[in-house]
Amino acid sequence: MSAQKILQSAVEAALSDFDVSNVAPETLQVVAASNPQFGDYQWNGALPLAKALKQKPRDIATRVLERLDVSAISESPEIAGPGFLNFRLKTSWLESALDHARLDDRLGVEKAEHPERFVVDFSSPNVAKPMHVGHIRSTIIGAAIVRMLRFQGHEVVSDNHIGDWGTAFGKIIVGWKSELDEANLAADPIGEMERLYQLINERGKADSSVEDAARLETAKLQAGDEENLAIWRQVRDLSQQQFDQIYARLDVSFDETLGESFYNPRLPGLVDELIERGLARESDGAIAVFSDGQGDPKDDPFLISRDGEWTDFPALIRKSDGAALYATTDLATLEHRIQTWHPDEIVYVTDARQAGHFRQVFAAFRRWMPEEKVRLSHVAFGTILGEDKTPLKTREGGTVKLVALLDEAQERALAVVREKSPDLNEEAAQNIARVVGVSAVKYADLSQNRASDYVFSWDKMLALSGNSAVYLLYAFARVQSIFRRGRERGVDVSVDAPRLVEPAEIELGKCLLRFNEALTASLRDYRLNTMTDYVYELAGAFSAFFRDCPVLTAPDEVRASRLALCDLTARTLQQALLLLGIHTLDQM
RNA sequence: GCGUUUGUAGCUCAGUGGAUAGAGCGUCUGCCUCCGGAGCAGAAGGUCGCAAGUUCGAUCCUUGCCAAGCGCACCA
């Protein structure tokens with residue numbers, strides 16, 4: 001059990017004589033100390049409790065302390081300041097907890113007490129288009145969320161809701177039938193499909209008959225025209241091959257790939273059902289969901305203030321031409337996921353600009369299926385900006401393609417590897433550059449608070465120093481090299497229970513035991529940068545240990561203990577990085 | 001205009017209803033007879049956008065203002 005939990009239950013037991021009914025439970029939690037000089041954990045509950053009971057905080061703290069038995073885990077707790085209770089973990093407890101962790105495949109991380117089922121919706125590229133920088137955050141953050149939830153013991157369905165339907169297909173089909181360049185399609189399918197779309201799109205702007213033709217092809221496709229369906233299938237398959245190549249490079253996979261087309265048959269009936277239920281009605285020829293007039297207009301996603309008046313801001317679910325919209329598809333998708341998987345929570349990893357859309361979809365869903373208890377979470381993230389603080393573009397002003405971005409990351413990583421490790425053979429250097437490049441891209445993204453926009457910087461991403469993927473991979477490689485060097489020199493590298501003597505050993509040991517807390521904190525509100533912060537801290541704690549505590553030259557007993565710390569550090573780094581989707585290297 | 005996100009060190013960013021607000025980069029100073037210096041240690045650098053309020057305590061919560069990004073029905 002984690003130190004926090006042990007201390008927490010001890011405090012709760014000591015509080016049994018107090019009337020805590022007027023105190024918010026979260027203020028009675030044992031928390032990590034705000035400053036190492038106060039120890040490892042602190043309990044601040046005496047202050048709110050004193051307030052509720054109209055007593056002095058230090059008196060409360062004293063009485064709690066009298067009833068508190070934490071002698072197994074903590075040195076004698078101290079009352080400090082206005083009534084804080086400070087705990088310092090006993091070295092003996094740290095040693096036994098570390099011994100337990102190192103003998104455990106899960107490194108001492110407990111599984112969730114109540115495993116739940118999650119559906120995580122992320123990545124969602126569009127067919128017939130190259131994946132670009134706009135897909136990278138969703139893909140990386142989503143994949144990390146899936147891994148972390150699974151590691152906690154939850155059941156997760158990852159679902160790639162690809163954009164494989166819609167009016168754009170009319171234009172592609174028109175182009176496909178009249179302008180298809182077979183040779184180019186074979187060489188660069190995505191490029192050719194994109195070219196066809198852009199070509200017809202341009203012609204349509206000048207010539208309305210081209211627009212009409214595209215609409216006709218869209219209608220035929222939707223009506224089940226065999227020729228158009230065959231083209232559509234081919235476009236989709238070729239696109240999926242591209243997605244799969246990129247996902248392989250990123251080491252991302254999905255349990256399901258149910259695109260928009262999958263839900264298409266359900267849409268007309270869904271709209272009719274919402275109309276019949278009185279949730280949607282006609283407006284200017286379209287069908288839309290309006291406010292139900294419940295609650296504060298400010299919190300109502302179907303109202304907007306115009307010229308000082310609250311006016312309707314409905315969610316459209318059917319256009320005046322009869323076609324469905326993405327709110328419609330999202331509602332059908334919700335229905336399908338609930339009926340198929342009965343999840344406790346559905347997580348949408350999309351950019352922050354869609355927040356308004358999801359507010360409407362979630363609100364409409366609650367009115368449609370009021371009995372459903374599923375939690376709906378929009379994990380929103382900011383935009384990736386260029387050095388000029390505007391959304392990242394190529395020098396020519398186009399979107400940055402994901403393939404090009406990963407290629408460049410790899411090339412730049414290769415230059416670094418060649419510079420720092422000129423002795424490596426070509427194959428090893430390439431392999432290291434591949435891992436370092438992808439890791440740098442992932443880490444730069446994950447280490448940022450997802451809510452904020454961030455400025456994309458190659459220099460920062462592949463920085464040789466500081467908080468970057470390179471630093472972490474280097475730390476891991478250094479741990480591994482201790483074992484490798486030991487074997488080369490014929491040193492006994494067997495491990496034994498860790499003993500903590502030097503300050504650097506104690507700090508490293510404490511840091512290793514915080515992995516569980518980092519995981520929990522990271523999944524709360526899906527702020528994954530909490531986990532990157534932890535990994536960075538752990539790498540730093542190891543670096544200090546590496547400097548202060550020689551391993552291979554230490555006496556047998558000390559060496560076995562320090563090797564145990566090295567082993568646990570390596571495995572914890574590896575596991576934490578893997579949760580983030582980053583693979584380690586034994587040598588770099 | 002309304003909604004929403006953001007505003008913290010020179011730059012890029014973390015962070016929390018609690019005690020002295022942190023890191024990286026940059027600047028300055030140290031550390032290689034020692035397991036990987038792609039490292040470590042230290043210094044300098046802050047009215048936490050502004051102002052009220054709630055609170056024993058606010059950078060964090062509330063409200064107002066200022067500034068920026070984003071969104072605002074027949075694209076997704």
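Chain letters run A, B, ... following the sequence lines, proteins first and then strands; every chain starts at 1.
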How many whole angstroms separate atom [atom1] of [X] from atom [atom2] of [N]?
X	N	atom1	atom2	answer
A:Trp310	B:C2	CH2	P	9 Å
A:Tyr534	B:A14	OH	C1'	18 Å
A:Tyr454	B:U12	OH	C1'	13 Å
A:Phe358	B:G71	CZ	C1'	14 Å
A:Asp453	B:C70	CG	C1'	8 Å
A:Leu462	B:U12	CG	P	20 Å
A:Leu552	B:G36	CG	P	8 Å
A:Arg478	B:C34	CZ	P	15 Å

Please confirm whether the shortest side-chain N or O distance from [X] to OP1 or OP2 of [N] is below 4.0 Å.
X	N	answer
A:Ser305	B:C2	no
A:Lys389	B:U12	yes
A:Asn449	B:G15	yes

_Any N or O donor-acceptor pair under 3.5 Å from the base of B:A19 to the side chain of A:Asn86?_
yes
*Kindly say whether, by distance alone, the side chain of A:Thr553 makes a donor-acceptor pair under 3.5 Å with the base of B:C35?*
no
*Whole-Å C1' distance, B:C72 and B:C61*: 28 Å
For residues 429-438 of chain A, dump all side-chain donor-acceptor pairs below 3.5 Å to protein atoms at least two apart in sequence or in another chain.
| residue | atom | partner | partner atom | Å |
| --- | --- | --- | --- | --- |
| A:Gln430 | NE2 | A:Glu426 | OE2 | 3.0 |
| A:Asn431 | OD1 | A:Arg434 | NH2 | 2.5 |

